[in-house]
Amino acid sequence: MFQERGYAASSIDAIAAAAGISGPGIYRYFARKTELLVTLLEGAARTAMGEIADAVAGAGEGERLGAMADALARHAQREGAVIGLLQSTVAEMEPADRARLDEIRSRLVAQLAELLLTERAELNAAEAQLHVEAALGLIGQWARRPDPQHTIRFRRLLLAILGA
């Protein structure tokens with residue numbers, strides 16, 4: 001619902017109805033709508049990390065950067081609306097939700113940097129994290145205006161950032 005209608009237009013009552021429960025029923029699990037969003041983003045990050053790790057693990061030496069770029073590009077195309085939602089709603093979040101989101105992001109960056117180091121052993125951890133942060137920045141921009149005509153270029157840009 002967040003992807004289809006946007007964060008502001010997705011009411012707790014509508015979310016509850018789509019889930020087959022009452023509006024007040026959602027509050028048994030989530031105190032605020034932003035808490036629900038953070039939980040969804042946490043699951044999306046976990047799924048993305050698993051897919052990316054599997055892609056890199058299945059690639060041979062010298063192919064891991066390409067596998068990582070491909071997996072990031074696929075995830076960005078599939079979950080671009082969620083990524084865009086994240087960037088647009090951070091300012092509206094309670095400090096506790098923002099802190100949880102920062103923790104999720106930090107964990108994701110560290111895990112992606114660790115994967116990057118499997119192919120780029122000449123980097124140190126801080127340098128690998130810088131490459132990952134730059135790739136995530138590109139993904140965030142892509143999420144705002146995804147253009148299927150430029151998918152190959154987007155993947156090449158991700159590869160260039162990871163390999164620079």
K.L.:
Rounded to the nearest 0.5 Å, how far apart are OG1 of Thr34 and CG of Leu37?
P.N.:
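With rounding to 0.5 Å, OG1 (Thr34) is 7.5 Å from CG (Leu37).
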
K.L.:
What donor-acceptor contacts under 3.5 angstrom involve side-chain atoms of residues 50-66, with partners at least two apart or in another chain?
P.N.:
residue	atom	partner	partner atom	Å
Glu51	OE1	Arg78	NH2	2.5
Glu51	OE2	Arg78	NH2	3.0
Glu63	OE1	Gly60	N	3.2
Arg64	NH1	Thr118	O	3.2
Arg64	NH1	Glu119	OE1	3.3

K.L.:
Under the side chain to side chain donor-acceptor pair (under 3.5 Å) test, which residues partner Asp70, sequence neighbours left out?
P.N.:
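Asp70 satisfies side chain to side chain donor-acceptor pair (under 3.5 Å) with Arg155 only.
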
K.L.:
Are more than 12 heavy atoms, taken from residues, nucleotides or ligands other than Arg156, located less than 6.0 Å from that residue's CZ atom?
P.N.:
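12 or below, so no.
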
K.L.:
Out of curiosity, Leu158 CG to Arg153 CZ, how far, rounded to the nearest 0.5 Å?
P.N.:
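Going from the CG atom of Leu158 to the CZ atom of Arg153 covers 13.0 Å.
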
K.L.:
So which atom in Thr39 and which in Phe30 form the shortest heavy-atom distance, rounded to 0.1 Å?
P.N.:
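Shortest heavy-atom separation between Thr39 and Phe30 comes out as OG1-CE2, 3.4 Å.
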
K.L.:
Can you get from Met68 to Ile152 by hopping between Ile, Leu, Val, Met, Phe, Trp and Tyr side chains that sit under 4.5 Å apart?
P.N.:
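They do not share one cluster, since no chain of ILVMFWY contacts under 4.5 Å joins Met68 to Ile152.
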
K.L.:
For the residue pair Asn124 and Leu117, what are the closest heavy atoms and their distance?
P.N.:
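In terms of heavy atoms, the two residues are closest at O-CD2, 4.1 Å.
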
K.L.:
Ala76 and Ile139: which non-hydrogen atoms are nearest, and at how many Å?
P.N.:
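It is CB-CG2, 3.7 Å.
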
K.L.:
For residues 8-28, pull every pair meeting side-chain hydrogen bond (donor to acceptor under 3.5 Å, both in side chains), keeping only residues two or more places apart or in separate chains.
P.N.:
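Sorted pair list comes back empty.
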
K.L.:
Arg74: what forms a salt bridge (charged side-chain N to carboxylate O under 4.0 Å, His left out) with it, not counting sequence neighbours?
P.N.:
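If we apply the salt bridge (charged side-chain N to carboxylate O under 4.0 Å, His left out) test to Arg74, skipping adjacent residues, there are no hits.
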
K.L.:
Can you tell me how far the CD atom of Glu35 sits from the CZ atom of Arg100, to the nearest 0.5 Å?
P.N.:
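Nearest 0.5 Å value for the CD-CZ distance: 6.0 Å.
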
K.L.:
For residues 121-143, which residue pairs qualify under salt bridge (charged side-chain N to carboxylate O under 4.0 Å, His left out), counting only residues two or more places apart or in two chains?
P.N.:
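Sorted pair list: Arg105-Glu133, Arg120-Glu122.
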
K.L.:
Does any part of the side chain of Leu162, heavy atoms only, come nearer than 4.5 Å to the side chain of Leu72, both counted from C-beta?
P.N.:
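Side-chain contact under 4.5 Å: yes.
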
K.L.:
With rounding to the nearest 0.5 Å, note down the distance linking CE in Met49 to CD1 in Ile104.
P.N.:
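The CE atom of Met49 sits 14.5 Å away from the CD1 atom of Ile104.
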
K.L.:
Kindly compute the distance separating CG (Leu108) from CZ (Arg46), expressed to the nearest 0.5 Å.
P.N.:
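If I round to the nearest 0.5 Å, the distance is 11.5 Å.
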
K.L.:
Which residues pass the side chain to side chain contact (heavy atoms under 4.5 Å, CB included) test with Ala16, sequence neighbours left out?
P.N.:
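With sequence neighbours excluded, Ala16 shows a side chain to side chain contact (heavy atoms under 4.5 Å, CB included) to Ile21, Ile26, given in chain and number order.
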
K.L.:
Ignoring hydrogens, what is the shortest heavy-atom contact between Ala73 and Phe154? Give both atom names and the distance.
P.N.:
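The pair with the smallest heavy-atom distance is CA-CE2, 3.7 Å.
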
K.L.:
Closest approach of His131 and Ile161, non-hydrogen atoms and distance?
P.N.:
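So the minimum-distance heavy-atom pair works out to ND1-O, 2.6 Å.
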
K.L.:
Could you measure the distance from the CG atom of Leu101 to the CG atom of Leu41? Nearest 0.5 Å is fine.
P.N.:
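Interatomic distance, Leu101 CG to Leu41 CG, rounded to 0.5 Å: 6.0 Å.
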
K.L.:
If two hydrophobic side chains count as joined below 4.5 Å and joins carry through other members, does Leu123 share a cluster with Leu130?
P.N.:
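No, because Leu123 and Leu130 fall into different hydrophobic clusters, even though each may have its own neighbours under 4.5 Å.
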
